[in-house]
Participant: 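My questions all concern the structure below.
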Amino acid sequence: MAQDPIRDESPQDTLNTLAEELARHDALYHQLDAPEIDDAQYDALRRAYLELAKQHPDALPIQGPQTRVGASPADGFQKITHAVPMLSLENVFSTKELADWVEGIRNFLMELRDPSIEIRFCCEPKIDGLSCSLRYERGELTSAATRGNGVEGEDVTHNAKTIADIPQQLKGSGWPDILEVRGEVYMSDADFLRLNEEQDRLGAKRFANPRNAAAGSLRQLDATITRNRPLCFFAYALGEISAPFAKSQSEMRLKLAEWGFTLNEPAQVCTERNGSLSPLQDFYDLLAARRSDLGFSIDGLVIKVDRLDWQLRLGFVSRAPRWAVAWKFPPEQASTQIEDIRCQVGRTGRITPVAYLKPISVGGVLVSRATLHNADEIARKDIRVGDSVIIQRAGDVIPQVVSVQLSQRPANSVHYLFPSQCPACGSSLRREEGDADTYCPGGLTCPAQVQERLSYFVSRQALDIEGLGEKNIALFIEKGLIHSPVDIFTLEARESSWLDANGKTIPLLKYWDGWGPQSATKLFDAIRRAREPSFERFLVALGIRQVGEATARLLGRHFLTIHALLECLDRALSGDEIASAEFLAIDGIGESMLKDLLDFRAEPHHREILNALLNERVLPDQVTEGPLLRVKDFVPPDSQSPIAGKTVVFTGTLERLSRSEAKAQAESLGAKVAGSVSSKTDFLVAGPGAGSKATKAAELGVRVLSEQDWIDLMHTNPE
DNA sequence: CAGCCTCGAGTTCT
DNA sequence: CTCGAGGCTG
């Protein structure tokens with residue numbers, strides 16, 4: 001049905017007509033499940049539309065498919081900030097670890113310290129796909145986002161709309177006005193095999209495993225590609241909801257099914273009491289046995305506290321909920337040989353030995369290298385070149401050497417001798433007493449360190465200069481065009497007078513092999529954009545030891561400008577105790593970090609680099625809010641609560657709340673929990689057996705509450 | 001001073 | 001993702 005655009009119609013009319021047609025076929029396909037045209041015809045129609053849209057970008061219909069296709073910026077996806085952060089799960093690998101986790105829950109919720117009280121757990125298979133958050137407003141799908149870093153994900157709405165398992169309009173009734181449903185996008189084993197056959201036929205690259213195929217398919221800028229990929233979706237959790245509609249995980253599942261979602265099966269509610277984990281163990285065994293005939297890949301099971309009120313009270317630790325855990329199957333292992341062990345030099349000079357392996361497939365991915373961490377690790381496992389070793393992928397990602405198969409060791413094998421000289425610069429390596437790592441002292445005289453530092457300077461968490469990756473940094477260094485960070489920014493201005501080591505003229509970038517006018521312009525544009533980094537990125541880029549994203553943010557929040565930070569450092573260097581104290585007063589900065597900051601500032605070479613950058617007008621911004629990465633910061637404490645901003649101390653035996661729950665609850669209401677009573681303390685919550693703290697509170701005139709008073713206070717609504 | 005939690009650094013492959 | 005180390009808490 002690929003009609004030629006009708007010539008005497010204006011492009012705008014044609015685009016409108018095509019857009020309407022596409023919308024109609026989308027609806028037929030997804031909502032009514034009754035397509036009138038096949039996929040090839042649909043594709044042709046879409047291509048005709050896109051082709052014309054490209055020629056007449058100003059004539060695009062406002063409601064046209066471009067809002068779903070090709071509307072994203074050329075360099076990738078739009079970002080979506082999650083209303084409720086998407087967390088990851090803590091893993092356990094044994095019944096022992098599972099028992100510890102259950103015990104932790106019983107300790108946190110006071111009334112569950114009686115082991116005869118049963119806890120119901122909702123258990124589901126853990127699908128190997130990628131998590132996705134779907135937002136429904138008044139029953140209509142409005143956006144879809146990947147997990148990303150948990151706080152900010154990629155907008156894949158246009159792709160989600162092509163997945164049959166994802167309802168565009170909720171069925172039934174009774175859903176809240178705002179409903180965020182979270183689940184897993186995945187590909188079945190059969191579809192994965194079929195897709196790879198198709199890829200072969202098209203001469204395209206095969207996917208290594210269903211997970212990668214699903215990820216690759218969802219992360220397509222062109223939704224017509226996603227539409228032709230057989231993706232599925234399981235719902236398993238909620239994000240933001242405007243009103244509660246269930247009391248338990250299992251009840252929530254039933255509602256979601258009613259509203260048109262597919263659930264992951266088999267799922268089961270398992271009960272634990274008196275320490276007996278056998279119902280959970282039985283379900284684990286059942287899934288392990290059925291693993292190969294489920295039709296999709298799973299890597300374990302997810303166990304959730306079924307009661308939602310308990311989930312709410314249990315809350316989160318770090319990036320994972322306390323109320324759920326992933327019980328993982330043992331990772332797949334494989335055996336291969338170590339062909340060589342070579343040492344890499346990192347930007348800090350740290351030497352990392354890496355095993356080069358005879359390539360082997362582990363968990364669907366070809367592995368050819370594995371880190372050996374350090375000399376002790378090699379000695380402990382007595383790893384030698386030529387050995388047969390067992391490899392597994394830790395957390396299904398990073399390959400690791402589990403053990404050596406000694407029975408297969410060649411007769412002539414010798415211990416691995418850790419190098420005494422840097423493989424890059426030849427300096428004698430150093431290892432401090434009690435330190436696990438070996439370092440090259442070469443610093444800026446070591447070419448490997450210079451290159452790694454420059455790579456770090458432009459890397460994603462630092463200045464994030466697109467198009468200037470490891471390979472191109474190496475290239476510019478090799479041509480002698482970049483020696484220090486500031487050279488990156490003068491690169492373009494110097495372009496017409498580039499000289500090589502022999503004084504011979506180097507041609508303009510666009511004439512280099514593999515480069516053209518487009519890629520050259522793109523690179524220079526990216527460099528220009530990097531002249532105004534955020535405070536945090538700029539500080540990270542400097543590569544001060546122990547100063548990464550979080551610490552940079554901490555310093556930024558306190559000092560606001562680079563100049564204020566440098567000024568305070570300079571004062572501290574000249575012996576000003578008040579300046580040092582200012583650093584140590586920042587929550588999270590201690591002696592050791594201060595020392596590294598001072599060492600950095602005292603080094604003349606670092607001063608030069610910093611001055612050169614500032615002179616070249618690479619100017620970091622004042623601190624702005626920016627994306628917060630800590631979940632703790634993400635969920636704003638309830639500032640309406642009567643205890644918001646107050647400092648509380650707990651003492652004695654609490655009978656209804658556990659210490660940890662009392663603390664977590666107080667913090668979520670905006671209070672600060674301190675360890676000892678001082679003049680800053682607003683409340684002392686004293687249970688039976690309170691001792692010196694109660695005395696001190698009386699002396700200072702601090703208000704003393706019983707546990708019951710405290711609970712009442714927390715449930716008071718301010719008027 | 002021990003036992004948390006958090007952070008940084010280095011890691012693999014697509 | 002994992003490791004080790006720093007910093008805070010009790």
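Note on naming: letters A, B, ... go to the chains in the order of the sequence lines (proteins, then strands), and numbering restarts at 1 for each one.
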Participant: Please tabulate the protein-to-nucleotide N/O contacts below 3.5 Å involving nucleotides 8-10 of chain C, giving atom names and distances.
Facilitator:
unit_1	atom_1	unit_2	atom_2	d
C:dC8	OP1	A:Gly588	N	2.9

Participant: How close or far is atom P of B:dT11 from atom CZ of A:Arg342, stated in whole angstroms?
Facilitator: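 Going from CZ in A:Arg342 over to P in B:dT11 covers 14 Å.
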Participant: Check the side chains of A:Glu332 and A:Gln392 for a donor-acceptor pair under 3.5 angstrom, ignoring hydrogens and angles.
Facilitator: no
Participant: Starting at CZ of A:Arg545 and ending at C1' of C:dA5, how long is that distance when rounded to a whole Å?
Facilitator: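 Distance check: A:Arg545 CZ to C:dA5 C1' gives 11 Å.
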Participant: Given that A:Val547 and A:Thr352 both sit by DNA chain B, which one's nearest nucleotide is further toward the 5' end?
Facilitator: A:Val547
Participant: Whole angstrom is fine here: how far is it from CD in A:Glu90 over to P in C:dC1?
Facilitator: 12 Å
Participant: Identify, with sequence neighbours excluded, every residue that meets side chain to side chain contact (heavy atoms under 4.5 Å, CB included) alongside A:Ser131.
Facilitator: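 Once residues adjacent in sequence are excluded, the partners of A:Ser131 under the side chain to side chain contact (heavy atoms under 4.5 Å, CB included) criterion are A:Met86, A:Arg147, A:Glu184, A:Tyr236.
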Participant: Would you mind checking if A:Arg194 and A:Asp191 are paired as a salt bridge, meaning a charged N to carboxylate O distance below 4.0 Å?
Facilitator: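 A salt bridge links A:Asp191 with A:Arg194.
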Participant: So that I know where these two stand, are A:Phe93 and A:Trp327 an aromatic pair - ring centroids less than 6.0 Å apart?
Facilitator: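 A:Phe93 vs A:Trp327: aromatic centres not under 6.0 Å.
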Participant: Can any side-chain N or O of A:Asn196 pair as donor or acceptor with the backbone N or O of A:Phe207 at less than 3.5 Å?
Facilitator: yes
Participant: Give the rounded distance in Å between these two atoms: CD of A:Gln392 and P of B:dT11.
Facilitator: 19 Å
Participant: Would you kindly say whether A:Thr438 and A:Arg431 are connected by a side-chain donor-acceptor distance under 3.5 Å?
Facilitator: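 Absent: no donor and acceptor within the cut-off.
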Participant: Just do the salt bridge (Lys or Arg N to Asp or Glu O under 4.0 Å) check on A:Glu103 and A:Arg106 with the steps written out, would you?
Facilitator: CA-CA 5 Å; A:Glu103 196 193 323; A:Arg106 287 195 177 276; over 6 Å; no
Participant: Between A:Phe559 and A:Phe583, does the ring centroid distance fall short of 6.0 Å?
Facilitator: yes
Participant: If you restrict it to nitrogen or oxygen atoms, what contacts under 3.5 Å exist between nucleotides 12-14 of chain B and the protein, and what is each distance?
Facilitator:
unit_1	atom_1	unit_2	atom_2	d
B:dC13	OP1	A:Ser368	N	2.7
B:dC13	OP1	A:Ser368	OG	3.4
B:dC13	OP1	A:Arg369	N	3.4

Participant: I need the NE2-P distance between A:His373 and B:dG10, as an integer number of Å.
Facilitator: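 A:His373 atom NE2 is separated from B:dG10 atom P by 12 Å.
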Participant: Considering every strand and a 4.0 Å limit on heavy-atom distances, what is the contact class for A:Tyr456: base, sugar-phosphate, or nothing?
Facilitator: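 Counting heavy atoms under 4.0 Å across all strands, the contact made by A:Tyr456 is with sugar-phosphate only.
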Participant: For A:Lys595, which residues count as a side chain to side chain donor-acceptor pair (under 3.5 Å) partner, sequence neighbours excluded?
Facilitator: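 A:Lys595 satisfies side chain to side chain donor-acceptor pair (under 3.5 Å) with A:Asp599 once adjacent residues are dropped.
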Participant: Provide, to the nearest angstrom, the distance between the CG atom belonging to A:Asp437 and the C1' atom belonging to C:dT2.
Facilitator: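 In whole Å, C:dT2 C1' lies 13 Å from A:Asp437 CG.
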Participant: Which of residues 591-599 of chain A sit near DNA chain C, with a heavy atom under 4.0 Å from it?
Facilitator: A:Glu591, A:Ser592, A:Met593
Participant: Starting from P on B:dG8, measure out to CG on A:Leu555 and report it in whole angstrom.
Facilitator: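 Going from CG in A:Leu555 over to P in B:dG8 covers 10 Å.
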Participant: So, are A:Asp437 and A:Arg430 salt-bridged, with charged N and O less than 4.0 Å apart?
Facilitator: no
Participant: Would you indicate, yes or no, if B:dA9 has its OP1 or OP2 atom less than 4.0 angstrom from a side-chain nitrogen or oxygen of A:Arg347?
Facilitator: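 Checking B:dA9 against A:Arg347, a side-chain N or O does come within under 4.0 Å of OP1 or OP2.
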Participant: Can you list everything that forms a side chain to side chain donor-acceptor pair (under 3.5 Å) with A:Lys381? Sequence neighbours excluded, please.
Facilitator: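 Only A:Glu377 meet the side chain to side chain donor-acceptor pair (under 3.5 Å) criterion with A:Lys381.
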Participant: What is the separation between atom CG on A:Leu372 and atom P on B:dT11, rounded to the nearest whole Å?
Facilitator: 11 Å
